[in-house]
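Below is one structure, written out as structure tokens, with a few remarks after it.
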Amino acid sequence: MVNKAWKIIPRPVLETVLHNHAQRHRVPQPLIVHGPRGVGKTTLVLERLLPEWNKGPHITGYVDLAQSVKDHHPDHNSSYPWTSWSNCPPPSLTNLRTQLELCLESMAEKAVRLGTISSQQIFTTLNKWHSLNTALRRIIESNKSSSNAVSDKVSTSALWDRALFALSARWNAAEIDRVMGLGEKGKAVSMEEASYFREAMVGLRLAKEVIKVQQGWRANAVAHLNRSGGYSRSLANSATDWPCLLLELLSQAAEIGFFQPKLIINNIDVLRHAILTDDSTVCASMYHDSLLWRIIALGVNERCLPVVLVTSDSYYSYQAYLDFGFPDIFISRETFGWTPQEATLHMVTDYFSHSELAVIADVLGPNPRHLFELYALKQSNYYQKVMEDSGSTFEDIIDAYLSYLQITVVNPAMDKALKLLEKFAVDARSGRIPEDRLRFGAPWRHPPRIDNPTLCSEWTKLQLIDFVQSLVNAEFGFNYLADCSLEILDDPSAVALVEVGLLYAQRDPSFIRPISLGIQRCLVRWLVQERMQMSFQQSFWYLWHRIIRGRSYRHLLLQKGYNYR
């Protein structure tokens, strides 16, 4: 019995899918590009597609939500983490929200400069979803230059025109021209065109002011919601009103051959784990869900500009489709990096010899990030010192790299997984875990019944060791949809290892497996190390647990005749 191959979508095929999605000016569904870490998703988007998607009529907004994580981002001379972003210090939701809004605002200003978004269009779209009268009156009355009272019989469109005039007085023509670039050399426009552009630009600012005023009215309700931990769809939608209005305006303005906007949100999973530092908006998970719901609704009802979500989080490979309604709610494209043949084509002979690459493929797998990190190690002074020693071989470098992964990646992630299991034990003891998840026969059904940190720590360590042992017995791959075997998703150990990013729950085929062969070997090392450190009593308890309550996922073995390397 050998492992089944993870279904490989070669880069040219994935690139074609992305190009086809992007060439359409409006689409019914957002596209999710997902796959394990280190397979080149960001590299593909940034280096190969983004330059092409900003030529001619195409304009692409790129938002990397992980940019705020300074300790783990290339923009801050760091590198992406091997495990999940949830293991890193979470960024502020306010920063992520501002980052997304600034990107969309810059795209909307580009559309205004091209004449595809007008003030009347902004008013019509805003008036479709919002009651504007009271907010417009508030804005007009707050303007010091407005001396006359506003009659109650004035229409909404007349209020919009008065508010535009009031805002234009505060934002003088020179400032508008500077933002619009109307005074730039070689850009001559008529007075009528300049007036049209200025009115549209002021209309964008006015729409933002209206939404800001309406959000201010809900401030107390949002603060109460954050304190109580409840859910409100209307408050969640109010938090995403501004970015979703901009998305709708840009989608309406899209025109083949003239203005074709696209939006790429990289590391969308960071948004789910952001922290709330104030009560200016709802919690991160609610904001994330509202944003995706409204993008989906816009696409289904009226068609939306192409939105590409890039992520390494397993949540988006399967669970997101259930949470958001049905399996086809998103367009899904999974990628798993290079096959050994593709790795040979890219890495030999410029980086490694055939014999070296054969060793790497056998020990680490053809994961692109493993290959490039190993090449960086090969170029270092450490490599030269090791190879100068008599009897040293390239395998010693591989072993040093595995030790680096073990110490800096896998062991800290396993510690985080143990904390998640401890939280599960506390929740189970306090009755916050549903009874059907603690059904008869479940290995995790009997956490310590008393509040004893030592017992809880021993129990969680036992659960994790038992799960990793069952993973080894199942040849490092569970088919969680085989025979409708979704009970594995109830296993807190499986959920914890997926959440910390060491395991990946892919969608097609439906396997839970280590994110790479190198990480798989480190998991085995962790298991061996923990077994060796057990006392006699702990060993006896572990053997009793394996015999009486231990996990057995042999029925979820990967099918015969496949190999994922």
Side-chain angles (χ1 to χ4, degrees), residues 5-22 31-53 60 62-67 69 72-75 78-85 262 264-270 308-314 316-317 331-348 350-352 357 360-361 363-378 401 405 409 501-508 511 513-520 564-565:
W6 317 142
K7 185 179 178 183
I8 300 296
I9 298 180
R11 175 168 289 186
V13 175
L14 177 61
E15 192 170 342
T16 301
V17 169
L18 291 170
H19 266 307
N20 291 341
H21 185 73
L31 184 148
I32 295 184
V33 177
H34 55 101
R37 308 188 82 81
V39 298
K41 300 181 299 297
T42 300
T43 304
L44 172 63
V45 169
L46 277 180
E47 294 185 3
R48 297 185 61 171
L49 298 180
L50 203 56
E52 292 294 321
W53 290 355
T60 303
Y62 177 79
V63 182
D64 187 353
L65 296 179
Q67 197 171 9
V69 187
H72 297 279
H73 198 276
D75 286 357
S78 300
S79 60
Y80 291 117
W82 259 110
T83 53
S84 171
W85 286 107
K262 285 161 277 293
I264 300 174
I265 304 179
N266 195 8
N267 297 306
I268 182 67
D269 47 300
V270 175
V308 180
L309 309 174
V310 184
T311 178
S312 298
D313 194 328
S314 292
Y316 298 89
S317 68
I331 301 173
S332 168
R333 284 299 177 267
E334 251 176 338
T335 177
F336 303 107
W338 291 332
T339 62
Q341 294 77 14
E342 289 171 328
T344 302
L345 178 66
H346 288 288
M347 305 302 291
V348 175
D350 293 336
Y351 302 99
F352 301 103
L357 192 62
I360 296 171
V363 178
L364 301 174
N367 184 287
R369 184 170 175 184
H370 279 321
L371 292 169
F372 286 115
E373 287 184 347
L374 196 60
Y375 178 71
L377 182 60
K378 185 180 177 182
Y401 178 67
L405 287 177
V409 176
L502 294 180
L503 300 185
Y504 185 76
Q506 62 191 55
R507 187 182 183 200
D508 185 20
F511 300 145
R513 50 94 168 183
I515 60 174
S516 74
L517 188 57
I519 298 298
Q520 172 181 309
Y564 73 91
R565 301 185 194 184

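Here the straight-line distance linking atom CG of D269 with atom CG of L65 works out to 8.5 Å at 0.5 Å rounding. In this structure, Q520 CD and L503 CG are separated by 10.0 Å, a value rounded to the nearest 0.5 Å. One distance of note links CG of L14 with CZ of F336; it measures 11.0 Å at 0.5 Å rounding. For the atom pair CG (L31) and CG (L309), the distance works out to 8.0 Å, reported to the nearest 0.5 Å. Considering OG1 of T344 and CG of L357, their distance stands at 4.5 Å, rounded to 0.5 Å. One finds the NZ atom of K378 at 11.5 Å from the OH atom of Y351 (value rounded to the nearest 0.5 Å).
Contact detail for D313 and Y504: the closest heavy-atom pair is C-CE1, 4.2 Å. A pairwise comparison of heavy atoms in H370 and Y401 identifies ND1-OH, 2.9 Å as the closest pair. Of all non-hydrogen atoms in W53 and T60, the two that sit nearest each other are O-OG1, 2.6 Å. Taking all atoms of both residues into account, the shortest heavy-atom contact from A505 to S314 is N-OG, 2.8 Å. Contact record, P36 with I515: CB-O, 3.8 Å, taken as the closest heavy-atom pair. For E334 against S317, the heavy-atom pair with the smallest separation is OE2-CB, 3.8 Å.
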Go through the steps to decide whether S516 and R369 satisfy the test side-chain contact (heavy atoms from CB on, under 4.5 Å), and finish with yes or no.
CA-CA 10 Å; S516 74; R369 184 170 175 184; over 6 Å; no

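Counting heavy atoms from C-beta on, the side chains of W338 and L345 never come closer than 4.5 Å. Taking the side chain as every heavy atom from C-beta outward, L374 and L364 approach each other to under 4.5 Å. When side chains are defined from C-beta on, L517 does not count as touching N367, because their heavy atoms never get closer than 4.5 Å. For the pair M347 and F372, the minimum side-chain heavy-atom distance is below 4.5 Å. With a 4.5 Å cut-off on side-chain heavy atoms, V308 and K262 do not count as touching. Side-chain atoms of H346 and P368, non-hydrogen and from C-beta on, never get closer than 4.5 Å to each other. Put simply, the side chain of L18 reaches to within 4.5 Å of the side chain of V33, judged on heavy atoms.
Under 3.5 Å, the side chains of K41 and S312 contain a donor-acceptor pair of N or O atoms.
Separation of the Y80 and H73 ring centroids falls under the 6.0 Å cut-off.
Among V63, D64, V310, the one residue that satisfies the side-chain contact (heavy atoms from CB on, under 4.5 Å) test with N267 is D64.
Taking the six-membered ring where tryptophan is involved, the planes of F352 and Y375 are perpendicular, since the angle between them exceeds 60° and thus also 30°.
Listed for the E342 side chain is a donor-acceptor partner under 3.5 Å among the backbone atoms of T339. R37 contributes a side-chain N or O that, together with a main-chain N or O of P81, makes up a donor-acceptor pair within less than 3.5 Å.
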